[in-house]
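As structure tokens, the structure follows; a few thoughts come after it.
If you read the sequence from its start, that first residue is 1, and numbering goes on from there.
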Amino acid sequence: MSEQPITITTRDILEFIKRKSSVASRCNVCGASDWVLQDLHGIPTTGKGGEAQLENLAGYAVVTCNNCGNSRFFSMKTILAKLSLGG
């Protein structure tokens, strides 16, 4: 029986980033706590064996402060690998 790919939503990615980083806290530039995940330009999935599929997807997720534009970059390969393991 072949393993089906798991689709991971942008919400899954943002929630993962909030759990694992200081993005859940205030912006270190302006003090606001209003973060948004920028468009990923593709649908991240995990494939056979849970490996990350990065086709048509940037190698990083960008989370930006809606108040001042301060941005933080996170490795999509790491995020997808962790999410595929239930992280």
What one should report as the nearest heavy-atom pair of Arg72 and Arg26 is NH2-O, 4.0 Å
Could you go step by step and tell me if Leu83 and Ile13 meet the side chain to side chain contact (heavy atoms under 4.5 Å, CB included) rule? CA-CA 8 Å; Leu83 286 175; Ile13 294 168; 4.3 Å; yes
Taken to the nearest 0.5 Å, the spacing of Arg11 CZ from Lys18 NZ works out to 8.5 Å
Just by modelled atom types, is the Gly69 backbone N or O under 3.5 Å from a matching donor or acceptor in the Ser71 side chain? yes
Check: Ile17 and Ile79 side chains under 4.5 Å, non-hydrogen atoms: yes
Could you check whether any side-chain N or O of Trp35 sits under 3.5 Å from a backbone N or O of Ser25, counting only pairs where one atom can act as donor and the other as acceptor? yes
Which residues share a side chain to side chain contact (heavy atoms under 4.5 Å, CB included) with Asp34, sequence neighbours left out: Asn66
As a quick check of understanding, evaluate side chain to side chain contact (heavy atoms under 4.5 Å, CB included) for Cys27 and Cys68, giving each step before the final call. CA-CA 9 Å; Cys27 174; Cys68 73; 3.8 Å; yes
When rounded to the nearest 0.5 angstrom, what is the spacing between CZ in Phe16 and CG in Leu80? 9.5 Å
Heavy-atom side-chain proximity of Asn28 to Asn70 below 4.5 angstrom: yes
